[in-house]
Protein chains: 2
Amino acid sequence: MTQPTSSKQKSEPTREALISSALHLFGRQGFDGTSTREISARAGANIAAIAYHFGGKDGLRLACGKAIAAQMTKVLQNGVKTPFASKDQAIRHLENTIEAMARFLLLGARAEDILSFMLREINEDGPVLDGIYQTMIEPKHRELCAAWGGATGTDPESEDTRLAVFSMIGQLLYFRIGKPVILRRMEWETIQRQDADRIVRLLKRNLHAALAAASEE
Amino acid sequence: MTQPTSSKQKSEPTREALISSALHLFGRQGFDGTSTREISARAGANIAAIAYHFGGKDGLRLACGKAIAAQMTKVLQNGVKTPFASKDQAIRHLENTIEAMARFLLLGARAEDILSFMLREINEDGPVLDGIYQTMIEPKHRELCAAWGGATGTDPESEDTRLAVFSMIGQLLYFRIGKPVILRRMEWETIQRQDADRIVRLLKRNLHAALAAASEE
DNA sequence: TCGACACAATCAAACGATTGATTTAATATA
DNA sequence: TATATTAAATCAATCGTTTGATTGTGTCGA
């Protein structure tokens with residue numbers, strides 16, 4: 001056994017390079033579609049380094065999940081206090097979250113690898129998803145539910161609210177998940193900044209419409 | 001060369017069994033994660049049958065795509081005439097489509113394999129997606145855009161309309177794509193009929209809200 | 001200051017197992 | 001018999017992993 005949680009020596013560069021390489025390749029080609037040789041070559045490391053640092057290919061996969069969770073919790077961290085002080089503040093938080101997530105998903109170059117990897121792991125429904133769900137998805141969803149409740153005057157943890165937040169996140173995520181389909185249909189080659197702006201505007205319009213509809217019930 | 005396009009003999013049972021088996025396994029484990037031995041064993045056929053009937057593993061993959069496209073176009077076929085005669089009729093068509101798709105995606109047992117396979121192929125963005133997109137995604141999306149235009153009085157093929165339809169489909173699809181996540185958060189074990197009803201109600205509410213918001217612009 | 005040793009890290013090479021594909025023979029149908 | 005299909009055996013290639021040797025670095029007693 002090796003692998004202390006923190007860095008004792010200069011093994012970090014290799015570790016990080018392997019994780020970065022694996023994240024990229026797993027996301028693009030899938031776990032089974034990526035060979036350990038490919039990963040180590042891209043990382044500029046030796047094949048044996050995977051077994052040495054992570055115990056094997058599966059260990060590297062888990063490490064990728066942990067790395068994502070660690071990074072995203074840092075990104076998603078915003079000193080937000082629930083419950084929200086006012087209705088306007090709750091709405092503004094929802095708007096800001098949509099905008100930030102949309103830009104990250106649609107324009108961020110780094111997001112490509114992370115998202116592809118996560119989507120595969122969600123579909124797989126394995127131990128990697130467990131970690132990602134508990135450390136980032138669930139806390140973030142709870143936070144958004146609190147905002148939704150504050151914005152509509154409904155119970156933040158009611159089934160209806162939880163589903164409504166999923167529907168909001170869903171239309172947002174689909175613009176990234178269905179990217180190949182959307183690019184074809186929109187006759188775009190890539191998603192430019194102005195395209196992302198247009199999508200964000202649409203999402204905000206839908207948000208306000210959905211909030212109004214949810215408040216009336 | 002092998003590969004008879006039609007059935008001269010009783011080769012159909014083997015063909016269909018192989019496609020069904022491959023669809024199931026490709027969807028669950030991915031293309032690279034599934035071996036030809038596994039496919040043929042599940043189909044009750046010999047390994048060589050894959051090469052004989054489809055030319056190889058890749059050919060079987062393409063055949064799966066074609067089989068899906070063929071089946072779905074039959075399912076999605078509804079003698080709908082565009083442009084729609086009235087605004088109400090257009091709205092009703094959108095409602096019916098949402099309801100039918102949601103029930104198929106959330107409750108249909110057969111949908112599981114098909115959807116998982118398709119999602120992987122969308123992410124892969126290869127030749128299989130080409131076929132599926134042209135024969136079912138694009139025509140269906142055009143039809144929904146026509147309905148959306150009829151319901152809001154806007155241009156059916158404007159960028160805004162096309163994106164709005166995607167956002168509608170997106171929140172619908174996410175309830176299937178993000179199923180593992182949603183089940184965790186909702187503390188459900190599976191999606192029951194009553195759960196699907198609740199989701200459909202929410203989606204319809206969001207639809208009307210989005211239509212109203214789109215009409216005002 | 002020094003050689004001797006310990007230890008983490010990396011390397012090239014090779015391991016057995018499994019992959020998709022192919023070949024050859026047997027079987028069923030008409 | 002002629003043809004279409006299935007079955008068993010085998011192929012080279014690639015898979016993830018393991019091996020034994022080597023490197024660089026820090027720690028010791030003398």
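Here is how names work: the chains are called A, B, and so on, in the same order as the sequence lines, proteins then strands, and each is numbered from 1. It should be emphasised that the depicted structure is a prediction, and the values quoted were computed from it without experimental measurement.
- A salt bridge between B/E138 and B/R142 is present, with a side-chain N of the basic residue lying under 4.0 Å from a carboxylate O of the acidic one.
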Between the protein and nucleotides 19-25 of chain C, list the N/O to N/O atom pairs that are separated by less than 3.5 angstrom.
| residue | atom | partner | partner atom | Å |
| --- | --- | --- | --- | --- |
| C/dG20 | OP1 | B/T34 | O | 3.0 |
| C/dG20 | OP1 | B/K57 | NZ | 2.6 |
| C/dG20 | OP2 | B/T36 | N | 2.7 |
| C/dG20 | OP2 | B/T36 | OG1 | 3.1 |
| C/dG20 | N7 | B/R37 | NH1 | 2.9 |
| C/dG20 | O6 | B/R37 | NH2 | 2.9 |
| C/dA21 | OP2 | B/K57 | N | 3.0 |

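- Between A/H53 and the phosphate of C/dA8, there is no side-chain N or O to OP1/OP2 separation shorter than 4.0 Å.
- Rounded to whole angstrom, the span from the CZ atom of A/F54 across to the P atom of D/dT17 amounts to 13 Å.
- At whole-Å resolution of the value, OH in A/Y52 and P in C/dC7 are 12 Å apart.
- When all heavy atoms are compared, the tightest approach of A/P180 to B/I122 is CG-O, 3.2 Å.
- With sequence neighbours excluded, the residues satisfying ring-ring contact (aromatic ring centres under 6.0 Å, His included) with A/F31 are A/F26.
- In this model, the phosphate group of C/dT10 is approached by a side-chain N or O of A/T14 to a distance below 4.0 Å at OP1 or OP2.
- Counting to the nearest Å, the C1' atom of C/dA9 and the CD atom of A/E16 are 16 Å from each other.
- Evaluated for a side-chain contact (heavy atoms from CB on, under 4.5 Å) with B/L163, the options A/R198, A/R185, A/R201 yield exactly one hit, A/R198.
- For A/S167 and B/N206, the side-chain atoms include at least one donor-acceptor pair closer than 3.5 Å.
- Legend: residues meeting salt bridge (charged side-chain N to carboxylate O under 4.0 Å, His left out) with A/D160, ordered by chain and number and at least two apart, are B/R205.
- For the pair B/I39 CD1 and D/dT6 C1', the interatomic distance rounds to 18 Å; values are reported in whole Å.
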